[in-house]
Chemist: 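Below is one structure. I have some questions about it.
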Amino acid sequence: MYLELKKRLEVRLRDVLKASYDLSLESIPVETPPELEFGELATPVAFELARKLRKAPRVIAQEIAAALGPLDGFVSFEVAGAGYINARLDRNGGVRMVAGGESLATAAGVVHALVEHTSINPNKAAHIGHLRNAILGDTFVRLLRAAGQKVDVQNYIDNTGVQVADVVVGFLHVEGKSAADVRALLDDLKRKGERIDYFCWDLYAKTSQWYTNGTDAENEARKKLRYRTLHELEQGNHETAEIAELISTAVLRRHLETMVRLGIEYDFLPRESEILHLDFWALAFAQLKQTGVLYFENEGKNKGCWVMTRPGAETADGETDEDAKVIVRSNGTVTYVGKDIAYHLWKFGLLGKDFGYKPFFTYPSHVCWISSEKGEEPHPHFGGAQAIYNVIDSRQSDPQANVIQALRGMGHAEQADRYTHFSYEMVALTPRCAEELGYEVAEEDRGRPYIEVSGRKGFGVKADDLIDKLIGATRAEVDARQTGRDEAERQRIAEQIAIGALRYFMLKFTRNSVIAFDFKDALSFEGETGPYIQYAVVRARNIFRKAGLTPDGVLRDFSGTDAGGYLAAEGCEDIWALWLRAGRRTLVLEQCIATAEPAYLAKHAFQLAQEFNNFYHKHHILTEEDPARKILLLATAAVALRELVAVLAWLGIESPEAM
RNA sequence: GCGCCCGUAGCUCAGCUGGAUAGAGCGACUGACUACGAAUCAGUAGGCCGGAGGUUCGAAUCCUUCCGGGCGCACCA
């Protein structure tokens, strides 16, 4: 409702400005006033025009206000303060709009978007930092889909990188295992129900240490081993590559299982091994040279490399750009950014080559495919998107900017504009949390607000451990409250609440705020948390259960009544405010997508729950004696319930039946 | 040294892209349960929005500059 009426008012304002002053403003500010007494919508546009028209803002406001009405959905336009124009809505009409349920008309044609998220190196267990990535990405996918976009979800797998190489070195040279031994280990762990990603977590940390804890000569040899292993992985057809394949695939499967617990699913898993073996780079290299984005450096420190100019860099003609980004090394190998450029050409359908595809993981509703040199037929097609979103932490903003710059330089300006680095800050641990986990905190770190997690050091909170802990805590609460329900039901509810708590916790912070993780905050179920919102849903559901009514039925009955009198009545402002809040969903959705910021929706969900809880406390519905008033109260609860469930679903949070 | 991000209540964070009196949660203190289930609600205390200049009708928000913190700046990924 809010979105629609706001747009209607903007259009009318535009018309009035054109007709009265022959002015066309680029954008017309329409906002929500701080208090309901100022109306439901307001514009300070008169202030902006004061200088241009050489009139007092208040006079202009009066002229505009007089010319605005009548407008469907609005009852009045008033001038207030020094020159605000406050719009009052037709409350009965507004309530009808909200009660009717709002369709999300996507005016523009369907956009094909591609969201890449999670992308954990398949050499260790997922940790809380990865959870933030996956939850942000998955939620954004839900938002895009809610807005009617066609979205492919990709999880990029770097299975030939240095991190996987390190674990392979660990198996071969630290543990002294062969490929056959690794195979046996995988079977053994599977039989015992143990997690291979946890095993690798420890081995990765151990191997990282091993590189530096020998004599100088030993360390030197170990480093060489590391780079030889990396090289063998990239080449393939070697025992190291075989171990890498075994391990990275097993760990990847575990990551997918962890994410399923959070309701997170993928459509396609492109792997770096295929980008290498299918030689995506050759095609990209040709395009990069042909468009002049890459040039061969003959001078300076990058002599013998193919390089590109960094975004914003300026070098005088004839001078060597020492700061240029190396894409092809002097030994002929390609850097990470180079491979990424090729991959992103593919994402936009500009490469002229495709992956092979094989099914990899089955969800109840669909199959997740993985890249393969020789794929299966038939298979779905991925890539060729119109807009892409890369959920990658903010530390990688430089390489991301390089890829965008390359696309632009190659003449793909439109694609470069629709390339969003969906960046977010890391999840770190508070020093107290680190100590709780048994890590030694260095003296100089004690005073810091947070300490960065490190897979290399094995320092961090594993995702599955956190989820297990959350479920344990919610289960204890549910067991205490839901004594009448059976074991399976209580477990189900506990899981819904635990996941709700975790997802909300990761979404309540805006993207560029560092999360200093602490168990106390993450395990909290009161106040601004997922369970608070879920609890509001349960309360609303209980009203209908107790009354023997359905929300839909109530809204049908309500549609024939006139609630205007009650909504305008003294002491009922809170009811109208709740309807207004309920009517903001599409506006908030639009805002979230435009700014790539899911936190706004999380905040909206909380505010809606808060207003509902207020309403719930103030008006006792089932004992209301005035039938007309009772139907309004019931309809209010029905709308709040419907909106809460819908918004929670967009956040990937389930609404329990009881809690 | 250069680039990006962040300094808002004791703590953790919002602040709708420059608007009306700066908000919420937690924590502290006071109160409200024989249930539309208190995982809730009401109330109190708590702020020179890091400092200083500027831009304008108007600044937590934009610009400049300092202070304090974080992260990047490889022929690593």
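All values below come from the heavy atoms of this structure, side chains included, with hydrogens, waters and symmetry mates left out. Proteins come first, then strands; the chains are lettered A, B, ... in the order of their sequence lines, and each starts at number 1.
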Chemist: Can you tell me if Asn155(A) uses its side chain to pair, donor with acceptor, with the backbone of Ser119(A) under 3.5 Å?
Modeler: yes
Chemist: Go through the side-chain N and O atoms of Thr32(A) and Arg584(A) and say whether any donor and acceptor fall under 3.5 Å apart.
Modeler: yes
Chemist: Between Gly304(A) and Val514(A), who's closer to the 5' end of RNA chain B by nearest nucleotide?
Modeler: Val514(A)
Chemist: So if I take every side-chain heavy atom of Glu37(A) and compare against rG70(B), rC41(B), rU21(B), which nucleotide ends up nearest?
Modeler: rU21(B)
Chemist: Grab the CG-C1' distance between Asp393(A) and rC71(B) for me, whole Å please.
Modeler: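 For the pair Asp393(A) CG and rC71(B) C1', the rounded distance is 9 Å.
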Chemist: Check whether Tyr2(A) reaches the backbone of Leu580(A) with its side chain - one donor and one acceptor, N or O, closer than 3.5 Å.
Modeler: no
Chemist: With rounding to the closest Å, how many angstrom separate the C1' atoms on rA20(B) and rG25(B)?
Modeler: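 Roughly 26 Å separates the two C1' atoms.
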Chemist: Just by distance, no angles: are the side chains of Glu234(A) and Thr160(A) close enough, under 3.5 Å, to form a donor-acceptor pair?
Modeler: no
Chemist: From C-beta outward on Glu35(A), which listed nucleotide comes closest to its side chain: rU21(B), rA38(B), rA74(B)?
Modeler: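 Within the option list, the nearest is rU21(B).
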Chemist: For this output row, return yes or no: ring centroids of Phe606(A) and Tyr532(A) closer than 6.0 angstrom.
Modeler: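 Yes, the ring centres sit under 6.0 Å apart.
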Chemist: Classify the nucleic acid contact of Thr595(A) as base, sugar-phosphate or nothing, counting any heavy atom under 4.0 Å across all strands shown.
Modeler: base
Chemist: Starting the side chain at C-beta, find the nucleotide from rC5(B), rA38(B), rA20(B) nearest to Glu425(A).
Modeler: rC5(B)
Chemist: Considering just the side-chain nitrogens and oxygens of Arg310(A), establish if one lies under 4.0 Å of OP1 or OP2 belonging to rC73(B).
Modeler: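 False: Arg310(A) side-chain N/O out of range (4.0 Å or more) of rC73(B) OP1/OP2.
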Chemist: Starting the side chain at C-beta, find the nucleotide from rG19(B), rC36(B), rG70(B) nearest to Arg448(A).
Modeler: rG70(B)
Chemist: Does rA74(B) have OP1 or OP2 sitting under 4.0 Å from an N or O in the side chain of Tyr336(A)?
Modeler: no
Chemist: For Arg395(A) and for Arg481(A), locate the closest nucleotide of RNA chain B by heavy-atom distance; then report the residue assigned to the nucleotide nearer the 5' terminus.
Modeler: Arg481(A)
Chemist: Could you check whether Ile327(A) gets within reach of a base, just the sugar-phosphate, or nothing at all, counting any heavy atom under 4.0 Å?
Modeler: nothing
Chemist: Would you say Gln405(A) and Arg310(A) are linked by a side-chain donor-acceptor pair, where the criterion is simply a distance under 3.5 Å?
Modeler: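 No - no donor-acceptor pair under 3.5 Å links their side chains.
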Chemist: How about Tyr227(A) and His231(A): are their ring centres within less than 6.0 Å of each other?
Modeler: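 No, the ring centres sit 6.0 Å or more apart.
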Chemist: Between atom CG of Leu13(A) and atom CG of Leu25(A), what is the distance when rounded to the nearest 0.5 Å?
Modeler: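 Between atom CG of Leu13(A) and atom CG of Leu25(A) there are 10.0 Å.
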Chemist: So with a 6.0 Å cut-off around CD of Glu489(A), is the heavy-atom count from everything else above 12?
Modeler: yes
Chemist: Counting only side-chain nitrogens and oxygens, does Asn302(A) get under 4.0 Å of the OP1 or OP2 atom of rC75(B)?
Modeler: yes
Chemist: Can you name the closest pair of heavy atoms from Glu611(A) and Leu578(A) and give their distance?
Modeler: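 That closest heavy-atom pairing would be OE1-N, 3.6 Å.
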Chemist: What nucleotide among rG19(B), rG25(B), rA14(B) has an atom nearest to a side-chain atom of Lys603(A)?
Modeler: rA14(B)
Chemist: Look at atom NZ of Lys457(A) and say whether more than 12 heavy atoms of other residues, nucleotides or ligands are closer to it than 6.0 Å.
Modeler: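 Open: at most 12 neighbouring heavy atoms sit under 6.0 Å from NZ of Lys457(A).
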Chemist: Distance to the ring centre below 6.0 angstrom and angle to the axis at most 45 degrees; does that hold for Arg456(A) and Tyr204(A)?
Modeler: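 Judged by the rule (NZ or CZ under 6.0 Å from the ring centre, within 45° of its axis), Arg456(A) is not positioned above Tyr204(A).
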Chemist: Between rC16(B) and rG27(B), how far apart are the P atoms? Round to whole Å, please.
Modeler: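 Here rG27(B) and rC16(B) have their P atoms 27 Å from each other.
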Chemist: Would you please say whether a donor-acceptor pair under 3.5 Å links the side chains of Gln400(A) and Asn390(A)?
Modeler: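 A pair is found: one side chain offers a donor N or O, the other an acceptor, under 3.5 Å apart.
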Chemist: Nucleotides 43-46 of chain B: which of its N/O atoms have a protein N/O under 3.5 Å away?
Modeler:
none

Chemist: For Asn613(A) and rG25(B), give me the distance from atom CG to atom C1', rounded to whole Å.
Modeler: 14 Å
Chemist: Would you say the base of rA20(B) stacks on Tyr84(A) (centre-to-centre below 5.5 Å, plane angle below 30°)?
Modeler: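 Taking the rule of under 5.5 Å and under 30°, the ring of Tyr84(A) does stack on rA20(B).
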Chemist: Out of rA39(B), rG15(B), rA20(B), which nucleotide sits closest to the side chain of Thr510(A)?
Modeler: rG15(B)
Chemist: Picking from rC75(B), rG19(B), rA39(B), which would you name as closest to the side chain of Thr335(A)?
Modeler: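 The nucleotide sitting nearest to the side chain is rC75(B).
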Chemist: Between P on rG70(B) and CD1 on Ile515(A), what's the gap in Å once rounded to a whole number?
Modeler: 19 Å
Chemist: At under 4.0 Å, does any side-chain N or O of Gln396(A) touch on OP1 or OP2 of rC71(B)?
Modeler: no
Chemist: Could you measure between the two C1' atoms, the one in rG18(B) and the one in rU61(B), and give it in whole Å?
Modeler: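 My reading of the C1' atoms in rG18(B) and rU61(B) gives 7 Å.
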Chemist: Taking the six-membered ring for Trp, are Tyr343(A) and Tyr156(A) closer than 6.0 Å centroid to centroid?
Modeler: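 Yes, the ring of Tyr343(A) comes within the 6.0 Å limit of the ring of Tyr156(A), centre to centre.
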Chemist: Does Asn512(A) make a side-chain N or O approach to OP1 or OP2 of rC6(B) shorter than 4.0 Å?
Modeler: yes
Chemist: Expressed in whole Å, how much space separates the C1' atoms belonging to rA32(B) and rU12(B)?
Modeler: 28 Å
Chemist: Could you work out the separation of rC5(B) and rU44(B) based on their P atoms and round it to a whole Å?
Modeler: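 That atom pair is separated by 39 Å.
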Chemist: So does Ser330(A) reach the base of rC75(B) with its side chain, donor to acceptor, closer than 3.5 Å?
Modeler: yes
Chemist: Among rC13(B), rC75(B), rC36(B), which nucleotide sits nearest the side chain of Tyr616(A)?
Modeler: rC36(B)
Chemist: Would one find a side-chain N or O of His620(A) under 4.0 angstrom from OP1 or OP2 of rC36(B)?
Modeler: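 Result: yes.
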Chemist: To the side chain of Tyr535(A), which of rC71(B), rG37(B), rC73(B) is closest?
Modeler: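 So the nucleotide nearest the side chain must be rG37(B).
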Chemist: Whether the side chain of Asn86(A) and the base of rA20(B) hold a donor-acceptor pair under 3.5 Å is what I'd like checked.
Modeler: yes
Chemist: Under 4.0 Å, heavy atom to any atom of RNA chain B: which of residues 501-508 of chain A qualify?
Modeler: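 Heavy-atom contacts with RNA chain B come from no residue of residues 501-508 of chain A; none.
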Chemist: Return one dot-bracket line describing RNA chain B 5' to 3' (Watson-Crick or G-U wobble pairs, both distances under 3.5 Å; ( ) same strand, [ ] crossing, | another strand, . none).
Modeler: (((((.(..((((.....[...)))).(((((.......))))).....(((((..]....)))))).)))))....
Chemist: Taking the P atom in each of rG51(B) and rU30(B), what is the distance between them to the nearest angstrom?
Modeler: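 rG51(B) and rU30(B) have their P atoms separated by 34 Å.
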Chemist: Could you measure between the two C1' atoms, the one in rA60(B) and the one in rC48(B), and give it in whole Å?
Modeler: 12 Å
Chemist: Looking only at the side chain of Met426(A) (C-beta and beyond, no hydrogens), which of the listed nucleotides rG19(B), rA14(B), rG70(B) gets closest?
Modeler: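 It is rG70(B).
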Chemist: Stacking check: are the rings of Phe606(A) and rA24(B) less than 5.5 Å apart at their centres and under 30 degrees in tilt?
Modeler: no
Chemist: Rounded to whole angstrom, note down the P distance from rC49(B) over to rU8(B).
Modeler: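 About 11 Å, rounded to a whole number of Å.
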Chemist: Kindly say if Asn614(A) contacts the phosphate of rC41(B), meaning a side-chain N or O under 4.0 Å from OP1 or OP2.
Modeler: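 Asn614(A) to rC41(B) OP1/OP2: no side-chain N or O under 4.0 Å.
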Chemist: Whole Å only: how far is the CZ atom of Phe517(A) from the C1' atom of rC13(B)?
Modeler: 17 Å
Chemist: Below 4.0 angstrom from OP1 or OP2 of rG15(B), is there any side-chain N or O of Tyr600(A)?
Modeler: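 For rG15(B), OP1/OP2 do have a side-chain N/O of Tyr600(A) under 4.0 Å.
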Chemist: Indicate whether the side chain of Arg545(A) and that of Asn542(A) have a donor and an acceptor atom separated by less than 3.5 Å.
Modeler: yes
Chemist: I want to check one thing: is the phosphate of rC36(B), taken as OP1 and OP2, less than 4.0 Å away from some side-chain N or O of Arg545(A)?
Modeler: no
Chemist: Syn versus anti for rU34(B), judged by chi lying within 90° of 0?
Modeler: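 rU34(B): anti.
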Chemist: Have Tyr535(A) and Asn613(A) got a donor and an acceptor in their side chains that come within less than 3.5 Å?
Modeler: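 There is no such pair (donor and acceptor under 3.5 Å, judged by atom type) between the side chains of Tyr535(A) and Asn613(A).
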Chemist: Do any side-chain nitrogens or oxygens of Arg539(A) fall under 4.0 Å of OP1 or OP2 in rA38(B)?
Modeler: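 True: Arg539(A) side-chain N/O within range (under 4.0 Å) of rA38(B) OP1/OP2.
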